Amino acid sequence: MPFPVSDSLFARAKELIPGGVNSPVRAFRSVGGAPFFVKAARGATLVTADDRELIDFVCTWGPAIHGHNHPVIKAAIAAALENGTSFGTPNPYEVEMAELIVRFVPSIQKVRMCNSGTEATMSAIRLARGFTRRDKIIKFSGCYHGHSDSLLIKAGSGALTHGHPDSAGVPASFAQETIVLPYNDRAALDAAFAANPGKIACVILEPYCGNVGFIMPDPGYLAYVREVTRKHDTVLIFDEVMTGFRIAKGGVQERENIVPDLTCLGKIIGGGLPVGAFGGRADIMDMLAPLGPVYQAGTLSGNPLAMAAGIAGLRLLEELNPYPRLDELGRQLRDAVLAACKAKGIPVQVPQCGSMFSIFFTDTPVRDYDTALKSDAKLFARFFRAALDGGVYLAPSAYEAGFLSTAHDGAAIDRACEVLSSAIQDL
Ligand code: KE4
């Protein structure tokens with residue numbers, strides 16, 4: 001279905017913005033067609049520039065766990081705005097945010113705010129290298145930790161979607177310090193440490209992967225990674241930019257009862273405004289300037305508007321405890337897709353945990369990058385377009401996670417299940 005107003009906006013955008021987008025994954029290049037432009041959002045709904053209403057399962061890539069434009073978050077931003085937008089000095093909101101994060105995520109003894117998930121992971125890696133005086137890092141194929149040089153190697157999300165998991169522009173001298181391993185592979189982890197004794201500063205991973213589609217760890221895998229990193233005095237970094245406060249109030253580490261050394265956060269703690277954070281053991285965090293020799297900074301870090309929005313969102317999570325209901329909604333969507341694919345005879349995997357899910361058209365259980373790539377991305381593209389024509393917006397890539405919010409309850413989830421089931425019937 002065409003989006004005429006969006007199409008003319010996109011034509012203008014492409015003249016001035018590379019690919020017409022300010023982030024590649026928005027470009028629809030792997031699913032075909034042109035992206036629609038959104039002029040408003042509320043609850044579970046996006047309103048396009050063409051006045052179409054879409055049920056949104058991207059939730060601005062994770063932040064909108066309470067749905068879009070939630071009145072409590074909106075009011076918090078408006079109240080903060082009365083006093084200005086940015087001071088460049090410490091402000092009371094930063095203290096309250098730090099106290100909430102430390103309370104929600106007990107492994108975090110100290111935390112530093114920044115402005116994106118990329119900054120959070122980039123800074124956490126620099127900190128781990130400064131703390132251990134080691135240079136090598138381990139990441140996992142398909143995990144995406146933002147676009148800093150050390151991490152754009154076999155990366156997921158848009159890098160994978162657009163066929164550049166190893167970005168151009170990253171010097172070989174940087175890349176050689178990054179060891180990339182298959183996720184869920186204990187032997188590969190053992191071999192990497194055996195081959196690099198005393199050289200590995202940190203292991204960074206998405207404890208539940210959300211950037212190669214949604215992939216959960218094998219039972220015991222995260223505990224094994226924790227055991228091996230502790231044995232080698234290697235810093236374990238959980239990148240919970242996506243899963244933090246979404247999978248549970250305390251993130252995956254609460255659900256799996258694992259204590260990482262550092263945690264990276266973002267998305268939900270900004271309530272939709274630019275944000276990132278990293279925190280963890282005080283002995284590591286105290287290596288940061290102005291206390292220690294590891295430098296990290298940011299003009300807008302701890303911005304009062306972003307903090308006010310994030311504080312309101314975190315308080316809502318504590319007040320509402322939406323997690324059981326979000327899991328019920330996720331199961332409802334999963335079961336609808338499984339039933340429709342079974343009736344149609346289409347092999348599908350629908351991994352889901354709480355409000356995160358993805359849809360892989362394959363008969364092979366997806367447990368890592370390689371098995372994710374075996375899924376039928378072309379069929380996903382046809383499914384994506386059929387869902388969109390029906391008024392449901394899924395992530396425009398076979399290698400992204402989908403997100404639900406508390407606003408998806410009731411009519412939105414029922415309608416979405418109907419549309420997805422019908423889209424599958426038409427494949
Ligand atoms: P940002 O720099 O985009 O705020 O965060 C980077 C990041 C770090 N870690 C994880 C686990 C992430 O999922 C992300 C960003 N997620 C993607 C969605 N797959 C952002 C969407 C985009 O790039 O436009």
Side-chain angles (χ1 to χ4, degrees), residues 17-31 35 38 56-65 113-125 137 139-162 164-165 167 183 202-217 237-247 251-253 260 262-278 298 300-301 303 306 310 355-358 369 372 393-403:
I17 306 168
V21 292
N22 282 312
S23 197
V25 74
R26 304 174 189 170
F28 279 30
R29 293 175 76 92
S30 72
V31 292
V38 170
D56 175 27
F57 287 97
V58 179
C59 295
T60 181
W61 301 102
I65 193 167
M113 301 309 299
C114 52
N115 300 282
S116 69
T118 294
E119 277 188 57
T121 58
M122 174 180 73
S123 308
I125 283 171
I137 68 171
K139 77 173 287 286
F140 298 88
S141 305
C143 283
Y144 177 72
H145 304 289
H147 59 87
S148 64
D149 285 344
S150 295
L151 291 165
L152 275 181
I153 293 134
K154 266 278 192 293
S157 186
L160 174 57
T161 298
H162 299 301
H164 303 297
S167 174
Y183 186 76
C202 65
V203 169
I204 183 168
L205 79 165
E206 296 177 65
Y208 290 2
C209 301
N211 288 289
V212 57
F214 182 60
I215 297 179
M216 294 180 71
I237 303 174
F238 269 17
D239 178 352
E240 296 223 47
V241 166
M242 193 183 262
T243 56
F245 315 104
R246 176 166 282 279
I247 288 295
V252 168
Q253 56 194 274
L262 294 177
T263 299
C264 300
L265 301 168
K267 298 183 191 273
I268 285 172
I269 58 171
L273 297 187
V275 76
F278 60 104
L300 295 173
S301 297
N303 171 269
S355 59
M356 290 181 72
F357 68 94
S358 63
Y369 179 87
Y393 177 48
L394 297 169
S397 161
Y399 310 116
E400 289 287 355
F403 302 96

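Remember, it's 1-based here, ligands and their atoms both numbered in the order they're listed. The shown structure was predicted, so the numbers you read here are calculated from the model rather than taken from an experiment.
Side-chain contact between Glu240 and Pro207 is present, with at least one heavy-atom pair separated by less than 4.5 Å. Within the 4.5 Å cutoff, no side-chain heavy atoms of Phe403 are placed close to those of Ser355. Side chains of Tyr399 and Asn211 form no contact here, defined as non-hydrogen atoms less than 4.5 Å apart.
Some N or O of Thr118 is nearer than 3.5 Å to an N or O of ligand 1, by distance alone. Ligand 1 has no nitrogen or oxygen under 3.5 angstrom from a nitrogen or oxygen of Val25. Close N/O approach between Glu400 and ligand 1 is found [any backbone or side-chain N/O within under 3.5 Å]. Considering both main-chain and side-chain atoms, His147 never comes within under 3.5 Å of ligand 1 through any nitrogen or oxygen pair.
Note that CZ of Arg26 and OG1 of Thr161 are 13.5 Å apart. Values are rounded to the nearest 0.5 Å.
Among Ala159, Gly117, Gly270, the residue whose heavy atom sits closest to atom 5 (O) of ligand 1 is Gly117. Remark: among candidates Thr60, Leu265, Asn211, Leu205, the nearest residue to atom 12 (C) of ligand 1 is Asn211, based on non-hydrogen atoms. Taking each of Val212, Ile204, Asp239 in turn, the one with a heavy atom nearest to atom 11 (C) of ligand 1 proves to be Asp239.
Shown in contact with Trp61 at under 4.0 Å from a heavy atom are these atoms of ligand 1, numbered in order with element: 18 (C), 21 (C). Close approach to Tyr144 involves these atoms of ligand 1, each under 4.0 Å from a residue heavy atom: 9 (N), 10 (C), 11 (C), 12 (C), 14 (C), 15 (C).
Nearest to atom 22 (C) of ligand 1 among the protein's heavy atoms is Ser23 OG, 3.3 Å. Closest to atom 15 (C) of ligand 1 among all protein heavy atoms lies Lys267 NZ, 3.5 Å.
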Under 3.5 Å donor-acceptor pairs involving side-chain atoms of residues 140-151, not counting sequence neighbours:
residue: His145; atom: ND1; partner: Asp239; partner atom: OD2; Å: 2.7
residue: Ser150; atom: OG; partner: Arg129; partner atom: NH1; Å: 3.4

